[in-house]
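Worth knowing before you read on, the calculation uses all heavy atoms, side chains too, and leaves out hydrogens, waters and symmetry mates.
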Amino acid sequence: MSRTQMGLLIGVLLGLAAAVGGFGAFAATVVFGAIGLLVGRYLDGKLDLSQLVGRDRG
């Protein structure tokens, strides 16, 4: 799946959450999406948690 298709899918899902559940569902969807993104990047090895907490290893 290309990045364009992924962006379109995410946009449609966010729009659906906003239409069905209102602003609260939209906000929750955005928060859980951000958490999922961080977990996915960490599992792919593209996120160093020491950068987020401001600590340096070594």
* Quick one: pull up CE in Met6 and CG in Leu9 and give me the separation to the nearest 0.5 Å. => 6.5 Å
* Under the side-chain contact (heavy atoms from CB on, under 4.5 Å) criterion, do Thr29 and Leu13 qualify, and how do the steps go? -> CA-CA 9 Å; Thr29 304; Leu13 291 176; 5.7 Å; no
* Is Phe23 reachable from Ile10 through a run of I, L, V, M, F, W or Y residues, each pair having side-chain heavy atoms under 4.5 Å apart? -> yes
* Structure fact -> Closest heavy-atom pair, Ala25 versus Ala17, reported as atoms and distance to 0.1 Å, is CB-O, 3.6 Å
